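Single-structure report; data block below.
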Number of protein chains: 2
Amino acid sequence: MEGTEQVDAPVSGKAESILAAATRTFLADGFGAVSMDTIAREAGVSKATVYSHFTGKEELFGAMVGRVCERHFETFSARELDPTDVRTSLTTLGRRFLDLVLSPDAIAVHRIIVAEVSRFPALGEVFWRAGPERTLGQIEAFLRRAVAAGSLEIAQPRIAAEQFVGLIRGENHLRHLLRLGPESDKSDIGDAVRVGVETFIRAFRVRAG
Amino acid sequence: MEGTEQVDAPVSGKAESILAAATRTFLADGFGAVSMDTIAREAGVSKATVYSHFTGKEELFGAMVGRVCERHFETFSARELDPTDVRTSLTTLGRRFLDLVLSPDAIAVHRIIVAEVSRFPALGEVFWRAGPERTLGQIEAFLRRAVAAGSLEIAQPRIAAEQFVGLIRGENHLRHLLRLGPESDKSDIGDAVRVGVETFIRAFRVRAG
DNA sequence: GTCTATACAGTGATAGAC
DNA sequence: GTCTATCACTGTATAGAC
């Protein structure tokens, strides 16, 4: 197992547990509220060991964000969806999208990035490319296939993809970010997706005659 | 002028300048990065004076958020729009909405609230009621008038209002939050509104026959 | 109410022994 | 490489004079 680390993964097991501890604590409490002492204790090592593996708090933070973004969004795909059955495919797509962006991990990452992008300007770009850009690209590609199959009429698929995510998201994302209400449960998510898909199809369906 | 303070405004002039200083610094740098020393210096008073007017940093922060939310969103209105000319009215509405949520102040408030809602759970509710709920209510009311005037066909105006803001917003809000690119200028905002309104109208226009 | 001065806790980061 | 002990520093909060 010693030779099978993933790319970018630290060689040492201690570095790995430090990064894991940093991920847990940063995501839970943000950058400012977490101390290097806490991370060291949580990782079961001394503070000096943390500094021997990472230049400082900022580098540790950046490493954690990059990794979480990559791992979290890389699963999103629309490649296998059927472009001739747009209602079913868009519903699946919308469901995947909402499940992804409303997941506790994604909410935590979003929260911390938005808060710290002023301190770490590079973070915005990293997150955008790992998350939203990737999902938008997948959705746009599917819409192009649907247009080619004659299932939809869309002049600007890129913009339509952005409208699709906006439509599906509504204020659900914001409600989660604000920790409102009894966390819209699974059935609410299903409703939001269904009604969003219906609206999208009404706007972009192929016009009769 | 001494007797014309607005409701909720502190009686003392110093308290007012403390709150103003807190607003500037908190919005610029977030909760954690701002010290009471900075606020005192910025307000031109001593630190002890700050503590004489506010229990501590947290109360000062809460007071600032409540006030900024109220003052910022209370201008949004859709009451005077013509429900028979939906394209023009929705474009105006969408434009007002985007101008509001993409303004530097709104972005700063959003950023700081999303970041600190874990520490101050009440903040989410305060923000939601002062901002999104109010704008959604205005939009919903306009949509109901448009339906009554026979200009649109909408079964659930509340949900349609949420879809409208999602459609107009797309990823523009996120791009601003992440500080990406050369800050989509005014013409981009205009395009986003126009194309969003077109899509909304295609989905909810009155069907012929 | 307002100020100056200060006690106190906790932070990021490092030195030196093993 | 890893630890314990400690550095210099910053921010919160309070005491006491005016």
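Letters go in sequence order (proteins before strands), and every chain restarts at 1. A quick note: this is a predicted structure, and the numbers were derived from the prediction, not measured.
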Counterpart residues, side-chain hydrogen bond (donor to acceptor under 3.5 Å, both in side chains), relative to A:Arg96 (two or more places apart): A:Glu80
If a pair satisfies ring pair (Phe, Tyr, Trp, His ring centres under 6.0 Å) and one of its residues is in residues 22-48 of chain B, list it, with sequence neighbours excluded. B:Phe26-B:Phe31, B:Phe26-B:Phe61, B:Phe31-B:Phe61, B:Phe31-B:Phe120
For A:Ser46 and D:dT4, is the shortest distance between a side-chain N/O and OP1 or OP2 below 4.0 Å? no
Protein-nucleotide distance (B:Arg41, atom CZ; D:dG11, atom C1'), rounded to Å: 12 Å
Can you check each nucleotide of nucleotides 11-18 of chain C against protein heavy atoms at under 4.0 Å and return B for base, S for sugar-phosphate only, - for none, in 5' to 3' order? SBBBB---
OP1 or OP2 of D:dG1 under 4.0 Å from side-chain N/O of A:His53: no
Would the number of heavy atoms belonging to other residues, nucleotides or ligands and lying under 6.0 Å from CZ of A:Arg158 be above 12? yes
Rounding to an integer number of Å, can you tell me how far B:Ile18 CD1 sits from C:dG1 P? 11 Å
Do A:Phe200 and A:Ile168 come within less than 4.5 Å of each other through their side chains, counting heavy atoms only? no
Decide, yes or no, whether a salt bridge links A:Arg41 with A:Asp37 under the criterion of side-chain N to carboxylate O below 4.0 Å. no
Looking at A:Arg87, I want to see if its CZ is surrounded by more than 12 non-hydrogen atoms of other residues, nucleotides or ligands under 6.0 Å. no
